[in-house]
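Worksheet for the structure shown next.
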Amino acid sequence: MPDTVFQTVVAVAVIILLARVNGLRSFSKMSSFDFALTLASGSVVATLMTTSNRFLPGILALAALFALRFAISALRVRFRAVEHLVDTRPIILMHEGRILDENLSLARVTRADIRAKLREANALEPDQVRAVVMEATGDVSVLHGDRLDPSLLEGVSWGRVTPPAQTART
(Lines give C-alpha, C1' and ligand atoms only; values in the text may rest on other atoms or scores of the structure.)
Protein backbone atom coordinates (compact mmCIF):
# COMPACT_ATOMS: atom_id res chain seq x y z
CA MET A 1 0.00 0.00 0.00
CA PRO A 2 2.71 2.59 0.82
CA ASP A 3 4.42 1.74 -2.50
CA THR A 4 1.26 2.52 -4.44
CA VAL A 5 0.80 5.87 -2.67
CA PHE A 6 4.47 6.77 -3.21
CA GLN A 7 4.35 5.77 -6.89
CA THR A 8 1.15 7.78 -7.39
CA VAL A 9 2.71 10.89 -5.85
CA VAL A 10 5.82 10.50 -8.00
CA ALA A 11 3.74 9.83 -11.15
CA VAL A 12 1.70 13.00 -10.58
CA ALA A 13 4.87 15.01 -9.90
CA VAL A 14 6.45 13.69 -13.11
CA ILE A 15 3.31 14.50 -15.11
CA ILE A 16 3.24 18.06 -13.70
CA LEU A 17 6.93 18.54 -14.48
CA LEU A 18 6.62 17.17 -18.02
CA ALA A 19 3.49 19.21 -18.70
CA ARG A 20 5.21 22.40 -17.48
CA VAL A 21 8.24 21.71 -19.69
CA ASN A 22 6.14 20.71 -22.71
CA GLY A 23 3.62 23.54 -22.39
CA LEU A 24 -0.12 24.01 -22.71
CA ARG A 25 -0.50 21.55 -25.56
CA SER A 26 0.55 18.63 -23.33
CA PHE A 27 -2.98 17.26 -22.95
CA SER A 28 -4.79 18.95 -25.79
CA LYS A 29 -7.03 17.09 -28.18
CA MET A 30 -6.39 19.37 -31.13
CA SER A 31 -5.40 16.55 -33.47
CA SER A 32 -5.72 12.80 -33.65
CA PHE A 33 -2.08 12.34 -32.68
CA ASP A 34 -2.61 14.51 -29.57
CA PHE A 35 -5.52 12.34 -28.56
CA ALA A 36 -3.57 9.11 -29.11
CA LEU A 37 -0.58 10.33 -27.10
CA THR A 38 -2.84 11.54 -24.28
CA LEU A 39 -4.41 8.08 -24.09
CA ALA A 40 -0.98 6.44 -24.14
CA SER A 41 0.20 8.76 -21.35
CA GLY A 42 -2.81 7.84 -19.22
CA SER A 43 -2.09 4.17 -19.71
CA VAL A 44 1.55 4.60 -18.73
CA VAL A 45 0.59 6.61 -15.64
CA ALA A 46 -1.89 3.92 -14.56
CA THR A 47 0.78 1.25 -14.96
CA LEU A 48 3.32 3.42 -13.17
CA MET A 49 1.00 3.88 -10.17
CA THR A 50 0.04 0.24 -9.78
CA THR A 51 3.01 -1.86 -10.87
CA SER A 52 5.97 -1.69 -8.52
CA ASN A 53 8.52 -3.39 -10.77
CA ARG A 54 7.88 -1.01 -13.72
CA PHE A 55 8.55 2.31 -11.98
CA LEU A 56 11.69 3.59 -13.78
CA PRO A 57 10.63 2.25 -17.21
CA GLY A 58 7.26 3.98 -16.69
CA ILE A 59 8.90 7.34 -16.01
CA LEU A 60 11.14 6.88 -19.05
CA ALA A 61 8.11 5.95 -21.18
CA LEU A 62 6.28 9.10 -20.05
CA ALA A 63 9.32 11.24 -20.82
CA ALA A 64 9.58 9.59 -24.25
CA LEU A 65 5.88 10.23 -24.97
CA PHE A 66 6.20 13.90 -24.02
CA ALA A 67 9.39 14.25 -26.09
CA LEU A 68 7.64 12.61 -29.03
CA ARG A 69 4.66 14.95 -28.66
CA PHE A 70 7.02 17.94 -28.59
CA ALA A 71 8.97 16.74 -31.65
CA ILE A 72 5.90 15.91 -33.71
CA SER A 73 4.25 19.22 -32.81
CA ALA A 74 7.37 21.12 -33.88
CA LEU A 75 7.61 19.17 -37.13
CA ARG A 76 3.90 19.68 -37.87
CA VAL A 77 4.35 23.43 -37.59
CA ARG A 78 7.44 23.45 -39.81
CA PHE A 79 6.56 20.88 -42.47
CA ARG A 80 3.18 20.59 -44.12
CA ALA A 81 3.97 17.01 -45.19
CA VAL A 82 4.31 15.98 -41.52
CA GLU A 83 1.02 17.70 -40.72
CA HIS A 84 -0.71 15.76 -43.52
CA LEU A 85 0.93 12.50 -42.42
CA VAL A 86 0.04 12.85 -38.73
CA ASP A 87 -3.33 14.61 -38.76
CA THR A 88 -6.63 13.35 -40.03
CA ARG A 89 -8.80 15.85 -41.85
CA PRO A 90 -12.21 16.94 -40.60
CA ILE A 91 -15.15 15.94 -42.81
CA ILE A 92 -18.47 17.66 -43.35
CA LEU A 93 -21.51 15.50 -42.52
CA MET A 94 -24.33 18.00 -42.93
CA HIS A 95 -24.56 21.24 -44.90
CA GLU A 96 -27.33 23.83 -45.01
CA GLY A 97 -29.88 21.53 -43.37
CA ARG A 98 -29.09 18.52 -45.57
CA ILE A 99 -27.46 15.37 -44.19
CA LEU A 100 -24.71 14.23 -46.55
CA ASP A 101 -25.27 10.48 -46.58
CA GLU A 102 -22.28 9.97 -48.88
CA ASN A 103 -19.98 11.27 -46.14
CA LEU A 104 -21.71 9.50 -43.25
CA SER A 105 -20.41 6.18 -44.55
CA LEU A 106 -16.88 7.59 -44.90
CA ALA A 107 -16.97 8.77 -41.29
CA ARG A 108 -18.81 5.64 -40.08
CA VAL A 109 -21.56 7.78 -38.59
CA THR A 110 -25.31 7.14 -38.70
CA ARG A 111 -28.22 9.54 -39.12
CA ALA A 112 -29.13 8.72 -35.50
CA ASP A 113 -25.66 9.89 -34.42
CA ILE A 114 -26.20 13.18 -36.27
CA ARG A 115 -29.65 13.70 -34.72
CA ALA A 116 -28.18 13.09 -31.25
CA LYS A 117 -25.45 15.68 -31.87
CA LEU A 118 -28.04 18.18 -33.15
CA ARG A 119 -30.06 17.73 -29.95
CA GLU A 120 -26.92 18.06 -27.86
CA ALA A 121 -26.14 21.36 -29.62
CA ASN A 122 -29.71 22.66 -29.08
CA ALA A 123 -30.36 22.81 -32.82
CA LEU A 124 -34.14 23.23 -33.04
CA GLU A 125 -34.68 23.16 -36.81
CA PRO A 126 -32.63 21.23 -39.38
CA ASP A 127 -32.86 24.16 -41.80
CA GLN A 128 -31.10 26.33 -39.18
CA VAL A 129 -28.08 23.98 -39.21
CA ARG A 130 -25.41 25.46 -41.42
CA ALA A 131 -22.94 22.57 -41.03
CA VAL A 132 -22.07 19.50 -38.99
CA VAL A 133 -18.39 18.58 -39.07
CA MET A 134 -16.62 15.53 -37.68
CA GLU A 135 -13.38 17.04 -36.44
CA ALA A 136 -9.94 15.42 -36.66
CA THR A 137 -10.29 14.42 -33.00
CA GLY A 138 -13.57 12.58 -33.58
CA ASP A 139 -15.58 15.35 -31.90
CA VAL A 140 -18.61 16.59 -33.82
CA SER A 141 -19.16 20.33 -34.27
CA VAL A 142 -22.65 21.63 -35.01
CA LEU A 143 -22.75 25.11 -36.54
CA HIS A 144 -26.20 26.62 -36.52
CA GLY A 145 -27.68 30.06 -36.89
CA ASP A 146 -28.65 32.46 -39.65
CA ARG A 147 -25.48 32.29 -41.71
CA LEU A 148 -22.08 30.60 -41.90
CA ASP A 149 -18.82 32.30 -42.77
CA PRO A 150 -17.22 29.97 -45.37
CA SER A 151 -13.80 30.47 -43.74
CA LEU A 152 -14.99 28.26 -40.86
CA LEU A 153 -15.00 25.33 -43.30
CA GLU A 154 -11.47 25.89 -44.63
CA GLY A 155 -9.54 22.64 -44.45
CA VAL A 156 -12.70 20.56 -44.06
CA SER A 157 -13.00 17.65 -46.48
CA TRP A 158 -16.16 17.43 -48.54
CA GLY A 159 -15.53 13.70 -49.01
CA ARG A 160 -17.69 12.33 -51.79
CA VAL A 161 -19.79 15.49 -52.05
CA THR A 162 -19.14 18.40 -54.40
CA PRO A 163 -18.91 21.57 -52.32
CA PRO A 164 -21.16 24.49 -53.16
CA ALA A 165 -19.60 27.28 -55.24
CA GLN A 166 -19.13 29.72 -52.34
CA THR A 167 -17.10 27.17 -50.32
CA ALA A 168 -15.25 25.49 -53.19
CA ARG A 169 -11.91 26.68 -51.77
CA THR A 170 -12.34 24.69 -48.53
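With respect to the salt-bridge test (charged N to carboxylate O, under 4.0 angstrom), the residues D101 and R111 qualify.
With hydrogens and angles ignored, the 3.5 Å screen pairs a side-chain donor or acceptor of H144 with a backbone N or O of A121. With hydrogens and angles ignored, the 3.5 Å screen pairs a side-chain donor or acceptor of T88 with a backbone N or O of A136. A side-chain donor-acceptor contact under 3.5 Å links S105 to the backbone of E102. At least one donor-acceptor pair under 3.5 Å links the side chain of N103 to the backbone N or O of I92. Between the side chain of R80 and the backbone N or O of V77 there is no donor-acceptor pair closer than 3.5 Å. For the pair D127 (side chain) and E96 (backbone), a donor-acceptor distance under 3.5 Å is absent. Checked by atom type and distance alone, the side chain of E135 never pairs as donor or acceptor with a backbone atom of V140 at under 3.5 Å.
Note: S43 OG to L39 CG = 9.0 Å, rounded to the nearest 0.5 Å. For the atom pair CG (N122) and CD (Q128), the distance works out to 13.0 Å, reported to the nearest 0.5 Å.
Connectivity analysis of hydrophobic side chains (ILVMFWY, heavy atoms under 4.5 Å, direct or indirect) links L85 to nothing; its cluster partners are none.
Residues T110 and R115 have side chains that never bring a donor and an acceptor to within less than 3.5 angstrom of each other.
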